[in-house]
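Some notes on the structure that comes next.
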Amino acid sequence: MGKPKVVLGVSGGIAAYKACELLRLLTESGHEVRVVPTAASLNFVGEATWAALSGNPASTEVWETVHEVPHVRIGQSADLVVVAPATADMLAKAAHGLADDLLTNTLLTARCPVVFAPAMHTEMWEHPATQENVATLRRRGALVIEPAVGRLTGKDTGKGRLPDPAEIYEVCRRVLARGVSEPDLAGRHVVISAGGTREPLDPVRFLGNRSSGKQGYALARTAVARGARVTLVAANTALADPAGADVVRVGTAVQLREAVLKAAADADVVVMAAAVADFRPAEYAGGKIKKKDGQDPAPVALVRNPDVLAEISADRAGPGQVVVGFAAETDDVLANGRAKLLRKGCDLLVVNEVGESRTFGSEENEAVILASEGSEVQVPYGPKEALAEAIWDQVAVRLQSRRA
Ligand code: CTP
């Protein structure tokens, strides 16, 4: 099998320089990349850079090497087209099927998955014209990644930044691995909690747990690549923001509950992958707790935290909402999992066996997905991303049947 063929479209925005990094990541991971810049984008990054980094010519117009019919051939033979950055103008042209240069022609002839990574000023992104163009492209099966929030050109900040090239690369890798052009979670809002809560005892100490957040982040990344709008409620994680996800940072179980309930109000799916502390200290000491000579430490009294999964399951935003929980068990894994599924009232419970070196912080996981109607799907030991895809497969089936 030859190398996967990727077309990297670059349109005329200042973020064009970040596409150099995306190109490197693609070529270094074994992809054959053809860069198709727009004429405007050459004001930011020149043709020589694209040709040198990709090892292929980088033309902007259909009039070069006409005998090779590049305006048809490049799109037809691609396994993936990614446009990064995609300007407001590029989104408008793509939505309306204009074909006045090599990139827009390529977009019309491509039959493979197409990913747009928009970057522009907040006003341009929020303008109804742009939003309608984005909706049109998504309706037709393209994956349009939500821009990140942060520093824009000049001094202003807001939504419109090109996500980190490494994270755009992650989306491309997953879309290529799936190999299907229709993102099956398109139009769905999914809420994922990730990480582990910390319950403060005093300003410097907390009760916490060993969750890294990697499984929740893998769920967020795979959901973006399958077209979902993703809200990621992240508790004390130190991982890069997934491209396209709206990341809400929280610390404690009570904060996590508030953020999840708020986002869940219009969500199609809620996945509780976070390790939420069941208890918190009854008292918070405003100053650091000091040891006292000759005295035993005072016992720490705990109170129960709200059970977010049980609450979301019992009080769903709509009859079609799918709720997924996780269970980490050390003994009688399946029996405990079944009992927990019933107790929590969710649709799916992902049960994994945990121990000192298993699961926490690792890149891999093994699990059984238990369903409320009795089915069990065994997911063999492998990357957390594979488990995430298996979970979305189960969720997608349920979303389909509830819509039907
Ligand atoms: N969970 C939650 N709120 C809590 C505790 C847990 O939403 N206060 C969610 C977790 O995100 C996970 C699931 O519930 O999806 C299972 O958590 P777990 O701590 O294993 O369940 P418990 O009910 O605490 O069961 P046990 O203490 O018996 O293991």
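Read the numbers this way: they start at 1 and go in the same order the structure lists the ligands and their atoms. Since we're looking at a predicted model, the values are computed, not measured.
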Got Q321 and R398 here, is their nearest side-chain heavy-atom distance under 4.5 Å?
no

[X]: numbered ligand 1 atoms lying under 4.0 Å from its heavy atoms:
X	result
F326	12 (C), 13 (C), 15 (O), 16 (C), 17 (O)
D307	2 (C), 3 (N), 4 (C), 7 (O), 8 (N)
M272	7 (O), 11 (O), 12 (C), 15 (O)
G325	15 (O)

Closest approach of any protein heavy atom to [atom], naming residue and atom:
atom	answer
atom 8 (N) of ligand 1	P306 O, 2.9 Å
atom 3 (N) of ligand 1	V308 N, 3.1 Å
atom 7 (O) of ligand 1	L309 N, 2.7 Å
atom 28 (O) of ligand 1	R343 NH2, 3.6 Å
atom 5 (C) of ligand 1	D278 OD1, 3.1 Å
atom 1 (N) of ligand 1	K344 NZ, 3.8 Å
atom 11 (O) of ligand 1	A274 O, 2.7 Å

Hey, are [X] and [Y] close enough for a salt bridge, meaning a charged N less than 4.0 Å from a carboxylate O?
X	Y	value
R173	E170	yes
D278	R304	no
R138	E146	yes

Check: [Y] main-chain N/O paired with [X] side-chain donor or acceptor under 3.5 Å:
X	Y	result
S211	G195	yes
T122	G160	no
R226	E182	no

Heavy-atom proximity to atom 25 (O) of ligand 1, picking from E329, K340, R257, points to K340

The residue among V224, D79, L80 that forms side chain to side chain contact (heavy atoms under 4.5 Å, CB included) with V175 is L80

